[in-house]
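One structure below.
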Amino acid sequence: MRFQKYIAVLAVSTLSLTLDSCNESLDIPAQGALSDEVLATRSGVDALLNGAYAALDGQYNNGGALNLAGGNAWEASPSNWVYGSIAGGDAHKGSDGSDQPAIDAIAKFTADASNGYFNSKWRTLYEGVNRTNSVLRVLAQTTGITEAERTSFAAQARFLRGHYYFELKKMWNNVPWIDETVETAAAGFVPNNENIWPKIEADFKFAMDNLPATQAEIGRVNKWAAATYLAKTHLYQKEYAEAKPLFDQVINQGVTSNGLKYALVTKFHDNFNAATENNSESVFQIQMVANDGTNTIANANQGDMLNFPYGNSPFRCCGFFQPSHDLANSYRTDATGLPVVDSYNNNPIKNDQGVASSQPFTPDAGPVDPRIDWTIGRRGIPYLDWGNHPGADWVRSPGQTYAGPYSPKKNIYMQATQDLYADQHSWAPGTAINWNVIRFADVLLMAAEVEAQLGNLAQAQTYVNMVRTRAANPVNYVYTYTNPATPLAGYTSTPAANYKISVYPEGTFAQMGKEGALKAIYFERKLELAMEGHRFFDLVRWDIAEPTLNAYFNYEGTVTTDVRGGRFIKGINDYFPIPQRQLDLSRSGGNSVLTQNPGYN
């Protein structure tokens, strides 16, 4: 089962926090809405729950490129490509300077509360909260269902609410907690002066205790997804002792919705291929589907519709989300196949910036981690099965100086299966590639971090080496084509680059000590989870965002123009500003009920 959108009004009006219209009266009754009493049946609650799942991708099925808040689809993408990856230095905005300049401000930490992207993300996440609250509110009135069904509905709804609030918390820190007990008319006037971590924990704990280990329908959350998210919640609060037993359970006992024990898939790219998703590595994925009969791409990863090579590429649009030089250089390895953690920018990956596609170019011959070529599109290397990346012809900005020479890769559909998994019902493509909120490699690296924090360095190294062993399997090398002009004809047995990667030798983490081991784990997360929306939030919770991002600006600004002038200030930029629109809407007696985050007043 892949959950579709349910756009009809279900049960109650939207929370005032998610509204934004010229009408300042926020308690207008919904026109034609079904009452709680009508929906208080098994089928009614199930429809509400499906609507809560549908809000995961934040997109609106109305034939346009909109999110649930009514803004541009990409402003509230669940992939957090703007807020997690671009703000974290994985990538540039891309395209050119005139298109979506609001992202450049976010990338350089010069954005203020009036930036419309923040309001779109806020409203979309609270729409998800509202839908989960509707499930719980109507469920309390529903009769004629078994207690097992009631518990299942509640556990799924509370998991989803936990997810939406986790996103809100890591974005803004100070956000109002609105649950099913809050009357709709009062929802817009709940202050944001409460630490909501305990309530997020309670939702995930309830879900963990009451969900089954497996689900018959793909897309529904299970016990182990809840346990993982609960552990992640503790990790974000630096509660390592509380997180460890939960990660232990998931790693040792967890099973997927298909009844398989969680495990790393053999092929790294299987996590980003619509034909091989919902696999043993999938802990929590947002389901996407292409060509669903709506003649839109709203269910087809619409939030990432800008993020394809442009120019003469076969993808039509739009040249955004270009991997950074800093990220590409991070995949440099030393002579033994280990990462060059502290000095990777001293030996940068050779690239074709400033070189026309008509001019000759030979790719870097030095040793690199093979994950570079499943993450970053670079000239002269096969771009999945589309042929060799041609370089400048696929980059939107002239001379490639604005955002560099690279293209994104993890969100790209395969040429051979595009009829099934690409969706062309819009001016930019959609895809059926699911979004990985949590995959098992992420679990192993979070668990490694916990073990290192608790002094268990050997176990931490074991988890990291599991991830590196998968990457080192030759099946994860990108191979050259038999004939680059006809890539679908197959590959040769010759690697496309000088791939060299190894595991950490026994005892390495113990020799490094705790701080060295943590540095290695942090870097492994950068390599493994690049372009997946994690980086900024990781840097903040590790308390290294200021030195890391300012070093990024200093280096990246020497090779591209878009991030020059960027500066991260600890104590201010750790969280984004509360959207000005929400401050205005929460005014009572002339004062805003919501308090702005420090440094944005």
Side-chain angles (χ1 to χ4, degrees), residues 74 77-94 103-104 106-109 111 117 121 166-167 169-173 232 235-236 271-272 303-304 307 320-332 339 341-342 344-345 369 371-372 374-376 403-404 406 408-411 435-439 441-446 448-449 464 467 471 518-556 560 562-563 566-568 570 573-576:
W74 46 88
S77 173
S79 71
N80 286 323
W81 65 276
V82 173
Y83 311 106
S85 290
I86 290 177
D90 274 357
H92 297 269
K93 182 204 73 179
I103 301 177
D104 280 328
I106 294 171
K108 294 191 290 187
F109 298 96
Y117 273 67
K121 185 69 169 177
F166 190 98
E167 290 288 291
K169 180 70 173 173
K170 73 181 186 183
M171 286 276 298
W172 288 285
N173 190 33
K232 185 175 180 178
L235 176 61
Y236 263 65
N271 292 297
F272 315 101
D304 283 48
N307 302 339
F320 284 74
F321 201 33
Q322 292 182 245
S324 65
H325 288 270
D326 180 273
L327 178 63
N329 297 344
S330 298
Y331 289 97
R332 175 71 73 200
V341 176
D342 292 316
Y344 58 88
N345 278 327
D369 185 317
R371 286 173 291 188
I372 187 175
W374 294 112
T375 305
I376 297 172
Y406 299 119
K409 211 167 187 179
K410 286 182 175 179
N411 62 302
W435 184 255
N436 289 294
V437 179
I438 303 174
R439 58 185 176 92
D442 185 9
V443 175
L444 290 173
L445 293 174
M446 288 191 289
E449 187 179 333
V464 170
V467 174
L518 284 170
K519 182 183 290 188
I521 294 165
Y522 297 167
F523 203 75
E524 195 65 30
R525 283 186 66 83
K526 181 181 185 182
L527 301 175
E528 175 72 16
L529 301 172
M531 306 290 284
E532 296 183 47
H534 297 283
R535 182 66 174 166
F536 172 72
F537 305 109
D538 280 345
L539 292 174
V540 169
R541 69 184 180 83
W542 293 331
D543 296 324
I544 61 172
E546 185 172 54
T548 304
L549 289 172
N550 287 333
Y552 165 76
F553 291 133
N554 289 337
Y555 174 79
E556 202 75 13
T560 66
D562 61 333
V563 296
R567 183 189 177 203
F568 182 97
K570 182 177 174 58
N573 302 130
D574 307 83
Y575 300 100
F576 298 112

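Residue Phe553 holds its CZ atom at 11.0 Å from CZ of Arg567, rounded to the nearest 0.5 Å. Considering NE2 of His534 and OG of Ser79, their distance stands at 10.5 Å, rounded to 0.5 Å. Note: Asp90 CG to Leu327 CG = 5.0 Å, rounded to the nearest 0.5 Å. The CG atom of Asp538 sits 8.5 Å away from the CG atom of Leu235 when rounded to the nearest 0.5 Å. A distance of 7.5 Å separates CG in Asn411 from CE in Met531, rounded to the nearest 0.5 Å. With values rounded to the nearest 0.5 angstrom, Leu539 atom CG is found 12.5 Å from Asn573 atom CG.
Between Glu528 and Ala441 the shortest heavy-atom distance is OE2-CB, 3.4 Å. Pairing each heavy atom of Asn436 with each of Phe272, the nearest pair is ND2-CE2, 4.0 Å. Annotation for Gly404 and Thr560: closest pair N-CG2, 3.7 Å, computed over non-hydrogen atoms. Taking all atoms of both residues into account, the shortest heavy-atom contact from Trp435 to Pro78 is NE1-O, 3.7 Å. Scanning both residues, Ile438 and Val443, for their nearest heavy atoms gives CG2-CG2, 3.8 Å. Pairing each heavy atom of Gly94 with each of Ala403, the nearest pair is CA-CB, 3.8 Å.
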May I have the step-by-step check of side chain to side chain contact (heavy atoms under 4.5 Å, CB included) for Tyr83 and Phe576, ending in yes or no? CA-CA 9 Å; Tyr83 311 106; Phe576 298 112; 4.0 Å; yes
Between Lys526 and Phe523, does a side chain to side chain contact (heavy atoms under 4.5 Å, CB included) hold up when you go through it step by step? CA-CA 5 Å; Lys526 181 181 185 182; Phe523 203 75; 4.2 Å; yes
Could you go through Val437 and Glu167, starting from their C-alpha distance and side-chain angles, then the distance that decides it, and tell me whether this counts as side chain to side chain contact (heavy atoms under 4.5 Å, CB included)? CA-CA 11 Å; Val437 179; Glu167 290 288 291; 5.7 Å; no
Let's go through Trp81 and Trp74 carefully: what are the C-alpha distance in whole Å and the side-chain angles of both, what is the deciding distance for side chain to side chain contact (heavy atoms under 4.5 Å, CB included) to 0.1 Å, and is it a yes or a no? CA-CA 9 Å; Trp81 65 276; Trp74 46 88; 3.7 Å; yes
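A distance-only check finds no donor-acceptor pair linking the side chain of Asp326 to the backbone of Gly89 [under 3.5 Å]. Judged purely by atom type and a 3.5 angstrom limit, Glu546 uses its side chain to pair as donor or acceptor with the backbone of Lys570. Remark: side-chain polar atoms of Lys108 are not paired, donor with acceptor, to backbone N or O of Ile103 under 3.5 angstrom.
Annotation: side chain of Leu527 is in contact with side chain of Glu524 (closest heavy-atom distance under 4.5 Å). Between Arg535 and Ser85 the shortest side-chain heavy-atom distance does not fall below 4.5 Å. Looking only at side-chain heavy atoms (C-beta outward), Asp442 and Arg525 come within less than 4.5 Å of each other. By the 4.5 Å heavy-atom criterion applied to side chains, Lys410 and Phe321 are not counted as neighbours.
A distance below 6.0 Å separates the ring centres of Phe166 and Tyr236. Aromatic ring centroids of Trp542 and Tyr522 lie under 6.0 Å apart. For Tyr406 and His325, the ring centers sit closer than 6.0 Å to each other. Aromatic ring centres of Phe109 and Phe536 lie closer together than 6.0 Å.
Around atom NZ of Lys170, more than 12 heavy atoms belonging to other residues, nucleotides or ligands sit under 6.0 Å away.
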